[in-house]
Amino acid sequence: MPLYEGRHNAENYIQVSENTRNAVICGTEASLQEIAKIIKEAPGAVALDGWYGVPFRTLAEELEKLCGDKEFIFMDTVYKTPEQIMAYKQEFLTEDPSFGYCNMEGRITDLLEEEKLSALSGRLGKGTVVTGYGAAVPALADKYSRIIYLDKTRQPMLWQMWDGELVPFGATEPRKDYGWKEYYYCDYYLLHFQKHFLMEKMDFYVEAVDFENLKIMPRSAYDEIVQSMLNYPVKEVEIYQPGPWGAYRYRDLWDISGLECNAWNELAGPELSVLIDIGEGKTLNMPFVNLMQYPERLVGKYLHETYPHLFPLDAWLDDGYFPEPQPAERISMPIHTHPDTAYVKRYFNEPIGRYETYYIAEAYEGANTWMGFYNDVDLEEWEAKCRESDNKKEIPDWKDYICNWKSNVGDLYLIPPGTDHGHGGNQMVLELDTCPSIAGTEYSFFSYDFARNSWDDKTKTMTAAPMKMHLDHSFRVSKFRREDYVEKKLRAKPSVVKWTKDYYIDRYSSVPEMPFEIERIHYMKKAEYDTEGKYCHVITLTMGKSARIYSRKNPQFSAEIRLFQAAVIPADFGEYVIESSGEGGNTATLVRWKKG
């Protein structure tokens with residue numbers, strides 16, 4: 001799956017103490033020297049644990065040169081056999097070709113040989129260094145005098161996985177056949193809960209995104225940086241993906257090397273990373289979800305207690321600009337639908353369903369959205385045609401079934417689960433949605449994609465095989481909503497909830513099953529709002545050049561976002577100001593949970 005990062009205006013500039021800034025060591029040579037010093041001075045055994053993609057054997061080879069007579073033990077020698085590990089994973093891989101079942105209760109210990117683990121525990125002492133995934137599992141953690149955690153952000157790890165270069169649990173070499181389902185439905189959770197456990201146990205944190213540029217800091221410095229980040233609006237490193245409906249507005253806005261069409265890009269969500277500038281030329285890159293170490297500060301008490309470990313909000317931008325007119329079969333998303341919470345819990349062991357909205361941020365000639373079915377069509381006939389096609393042959397009269405709506409700037413489409421729909425092109429869509437998964441996955445069930453070829457990113461052409469459909473899931477969850485229902489319930493209308501002479505805030509109508517509110521802040525120069533200490537806001541500038549968001553009580557806690565850029569405003573941020581840096585009207589569109 002092709003994926004690109006965009007780092008334009010992504011830096012978060014934060015203030016930390018001089019002691020913390022000085023404690024952060026940058027550069028691989030200096031970081032290795034520091035790790036070697038830690039090992040040599042440790043009064044007992046040392047653990048080097050971390051996320052997938054960290055080259056632990058290369059790391060150990062370099063440290064052995066610096067540490068002399070220390071004994072290095074590789075954690076992969078404690079794992080069960082590859083056959084046993086794959087047998088364990090089968091429950092979570094399932095027979096479903098497109099989805100799996102989340103390993104929410106699993107821990108890395110499940111993959112370890114009990115006798116080997118016990119033997120390793122008995123060997124731990126001064127001069128022993130254990131490296132690899134799970135080096136500091138609970139059975140061993142308290143036996144170490146020092147624990148070092150090496151972290152990696154999501155995207156570089158995925159590139160390794162897709163290129164067949166990832167070394168998974170228990171392996172010593174990359175496994176070319178390692179599959180995405182293994183990661184997203186099993187291994188991610190093992191890594192996540194081990195990392196969560198070690199955030200309270202580790203003595204040092206290493207940014208290991210790029211082995212050629214390691215950075216190390218003591219736990220106290222790491223903790224100050226994470227807590228300081230939560231004093232500010234948080235910007236994330238965006239990701240971009242080409243696809244069969246990909247368009248070209250991005251070329252007017254951002255320079256993304258290698259990206260030849262843009263189906264969508266993610267502005268905010270749990271799978272992204274953050275860039276943190278702490279001053280004096282020191283910039284850190286870490287997963288956004290590290291901020292969930294303090295969940296009540298980030299998402300608020302209600303969301304933390306209701307969906308532990310989950311950051312439940314996503315913001316996406318669906319590009320839809322084409323310089324020349326194109327047929328609907330080129331510019332439209334697949335016709336698809338999403339599951340509700342009960343469905344994802346039953347079939348995938350996920351905590352919340354996919355609840356979606358389309359906010360039309362820009363509309364061009366022919367802007368449109370597909371949603372629902374015309375009132376008088378035969379829906380059994382439609383399902384039969386989709387099943388017969390299976391996206392391998394065209395359905396010539398598909399437009400006779402799927403209802404088409406003309407779009408304009410400011411339109412909001414509510415898309416509760418079971419609503420068949422698709423972005424129709426010629427518009428820029430801001431998607432503000434729930435994220436159903438701790439791993440950051442989402443659930444879209446495709447029923448028809450016009451039997452078109454999909455995107456081949458190697459040749460930069462639409463020549464890859466057509467996408468696979470999810471017909472059983474799609475028709476099982478579909479509520480077959482008709483045109484009248486969409487018009488009455490799902491074409492949301494805004495109403496003013498606060499008005500001043502300087503700005504006003506409006507909120508769109510909703511339906512009971514939607515768990516979040518969509519609101520807009522309209523202002524000429526500046527406006528004010530409040531998280532009330534309980535609502536996390538994801539805010540996107542949808543009209544204007546740029547905006548500075550800052551705390552009303554502490555204006556130094558600020559961040560600047562530009563057009564179509566988002567910021568996550570932590571729940572405990574409180575009263576804030578959004579201020580324009582230019583002339584003319586400005587609009588910021590935000591999503592927040594209904595309950596708090």
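The first residue in the sequence is number 1, and the count goes up from there. The shown structure was predicted, so the numbers you read here are calculated from the model rather than taken from an experiment.
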Worksheet item: Does the pair Tyr302 and Lys534 meet the rule for a side chain to side chain contact (heavy atoms under 4.5 Å, CB included), with working shown?
Response: CA-CA 8 Å; Tyr302 174 82; Lys534 59 183 178 179; over 6 Å; no
Practice prompt. Using the side-chain hydrogen bond (donor to acceptor under 3.5 Å, both in side chains) rule, take Asn12 and Tyr232 through it: C-alpha gap first, then chi angles, then the decisive distance, then the call.
Written response: CA-CA 8 Å; Asn12 293 276; Tyr232 294 77; over 6 Å; no
Practice prompt. Quick one: do Leu158 and Met161 satisfy side chain to side chain contact (heavy atoms under 4.5 Å, CB included)? Show the steps, please.
Written response: CA-CA 5 Å; Leu158 292 178; Met161 182 178 77; 3.8 Å; yes
Practice prompt. Would you please test Gln293 and Gln227 for side chain to side chain contact (heavy atoms under 4.5 Å, CB included) and show each step?
Written response: CA-CA 9 Å; Gln293 185 177 346; Gln227 293 212 54; over 6 Å; no
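In this pair, Tyr183 and Tyr188 present their aromatic rings perpendicular. The plane angle is above 60°, beyond the 30 to 60° band. Note on ring orientation: taking the six-membered ring where Trp is involved, the planes of His196 and His192 are parallel (angle under 30°, cut-offs 30° and 60°). The aromatic rings of Phe99 and His473 stand perpendicular to each other, their planes meeting at an angle above 60°, with 30° marking the opposite boundary. Ring geometry for Phe169 versus Tyr133: interplanar angle over 60°, hence perpendicular rather than tilted (30 to 60°). Below 30°, between 30° and 60°, or above 60°: for His423 and Tyr358 the angle between ring planes is above 60°, a perpendicular geometry.
Under the 3.5 Å distance criterion, the side-chain polar atoms of Arg354 are left unmatched by any main-chain donor or acceptor of Val344. In this structure, Asp433 contributes its side chain and Ala315 its backbone to no donor-acceptor pair below 3.5 Å. In this structure a side-chain-to-backbone donor-acceptor pair under 3.5 Å is present from Asp49 to Gly134. A donor-acceptor pair is defined here as one N or O able to donate and one able to accept, closer than 3.5 Å; such a pair exists between the side chain of Glu236 and the backbone of Gly269. No donor-acceptor pair under 3.5 Å is formed between the side chain of Thr434 and the backbone N or O of Pro312. A donor-acceptor pair is defined here as one N or O able to donate and one able to accept, closer than 3.5 Å; no such pair exists between the side chain of Gln194 and the backbone of Ala135. With hydrogens and angles ignored, the 3.5 Å screen pairs no side-chain donor or acceptor of Thr540 with any backbone N or O of Phe564. Put simply, the side chain of Asp449 never gets that close to the backbone of Ile335: no donor and acceptor are under 3.5 Å apart. Listed for the Thr341 side chain is a donor-acceptor partner under 3.5 Å among the backbone atoms of Gly353. Under a 3.5 Å cut-off, the side chain of Asp456 and the backbone N or O of Ala464 do not form any donor-acceptor pair.
Summarising the geometry of Asp420 relative to Thr337, their closest heavy-atom pair is N-OG1, 4.0 Å, with the distance given to 0.1 Å. Taking both residues in full, the closest heavy atoms of Ile569 and Pro233 are given as CG1-CB, 4.4 Å, listed atom of the first, atom of the second, then distance. Across Asp163 and Lys176, no two heavy atoms sit closer than the pair O-NZ, 4.5 Å. In this structure, Val137 and Phe197 approach most closely via the heavy-atom pair C-CE2, 4.2 Å. The two atoms that bring Asp314 and Pro270 nearest to each other are OD1-CD, 3.5 Å, heavy atoms only. The two residues Asn213 and Thr28 come nearest to each other via the heavy atoms N-OG1, 3.0 Å.
Aromatic rings from Phe72 and Phe56 are positioned such that their centres are separated by 6.0 Å or more. The aromatic ring centroids of Phe311 and Tyr307 lie 6.0 Å or more from each other. Under the 6.0 Å cut-off for aromatic ring centres, Tyr443 and His338 do not qualify, their centroids lying 6.0 Å or more apart.
Using a 4.5 Å cut-off on side-chain heavy atoms (C-beta onward), Ile278 and Val24 make contact. Residues Tyr79 and Ile108 form a side-chain contact, since some pair of their non-hydrogen atoms from C-beta on lies under 4.5 Å apart. A 4.5 Å side-chain heavy-atom check between Lys201 and Tyr149 finds every atom pair outside the cut-off. In this structure, Glu182 and Met86 have side chains that are in contact, with non-hydrogen atoms separated by less than 4.5 Å. Side-chain contact between Arg476 and Phe445 is absent, with no heavy atoms from C-beta onward closer than 4.5 Å. Here the side chains of Leu284 and Val274 are not in contact, with every heavy-atom distance at 4.5 Å or above. Looking only at side-chain heavy atoms (C-beta outward), Leu214 and Ile216 stay at 4.5 Å or farther from each other. In this structure, the side chains of Tyr88 and Asn103 come closer than 4.5 Å at one or more pairs of heavy atoms.
For Asp457 and Tyr4, the side-chain atoms include at least one donor-acceptor pair closer than 3.5 Å. Side-chain atoms of Lys595 and Thr306 include no donor-acceptor pair closer than 3.5 Å. Side-chain contact check for His421 and Glu356: at least one donor-acceptor pair (N or O, by modelled atom type) lies under 3.5 Å. At a cut-off of 3.5 Å, with distance as the only test, no side-chain donor of Asp96 or Tyr347 sits close to an acceptor on the other residue. Judged by distance alone, the side chains of Tyr535 and Glu517 never bring a donor and an acceptor atom under 3.5 Å apart. Inspection of the Asp76 and Thr172 side chains reveals no N or O donor paired with an N or O acceptor under 3.5 Å. Side-chain contact check for Gln155 and Thr153: no donor-acceptor pair (N or O, by modelled atom type) lies under 3.5 Å.
One distance of note links CZ of Phe288 with CG of Leu298; it measures 4.5 Å at 0.5 Å rounding. A distance of 8.5 Å separates CD1 of Ile561 from NZ of Lys235, quoted to the nearest 0.5 Å. Here Ser447 contributes atom OG and Asp390 contributes atom CG; the two are 11.0 Å apart, rounded to the nearest 0.5 Å. Asp318 CG to Glu431 CD: the interatomic distance, rounded to the nearest 0.5 Å, is 4.0 Å. Remark: Tyr185 OH to Phe348 CZ distance equals 6.0 Å, nearest 0.5 Å. Separating the CG atom in Leu150 from the CD1 atom in Ile35 is a distance of 6.0 Å, to the nearest 0.5 Å.
The pair Glu532-Arg592 fails the salt-bridge criterion, with no side-chain N (NZ, NE, NH1 or NH2) lying under 4.0 Å from an Asp/Glu carboxylate O. A salt bridge does not link Lys80 to Asp110: none of the charged nitrogens lies less than 4.0 Å from a carboxylate oxygen. Comment: Asp177 engages Arg175 in a salt bridge, judged by a side-chain N to carboxylate O separation of less than 4.0 angstrom.
Contacts classified as salt bridge (Lys or Arg N to Asp or Glu O under 4.0 Å) and involving residues 204-229 (residues at least two apart or in different chains) are given here: Glu200-Arg219, Glu207-Lys215, Arg219-Asp223.
In this structure, Lys479 places its NZ atom where only 12 or fewer heavy-atom neighbours from other residues, nucleotides or ligands lie under 6.0 Å away. No more than 12 heavy-atom neighbours from other residues, nucleotides or ligands sit within 6.0 angstrom of CD on Glu114. No more than 12 heavy atoms of other residues, nucleotides or ligands sit less than 6.0 Å from atom NZ of Lys301. For Glu105, the CD atom sits in a loose shell: 12 or fewer heavy atoms of surrounding residues, nucleotides or ligands are nearer than 6.0 Å.
With Phe74 as the aromatic partner, Arg57 meets the cation-pi criteria of under 6.0 angstrom to the ring centre and within 45 degrees of the ring axis.
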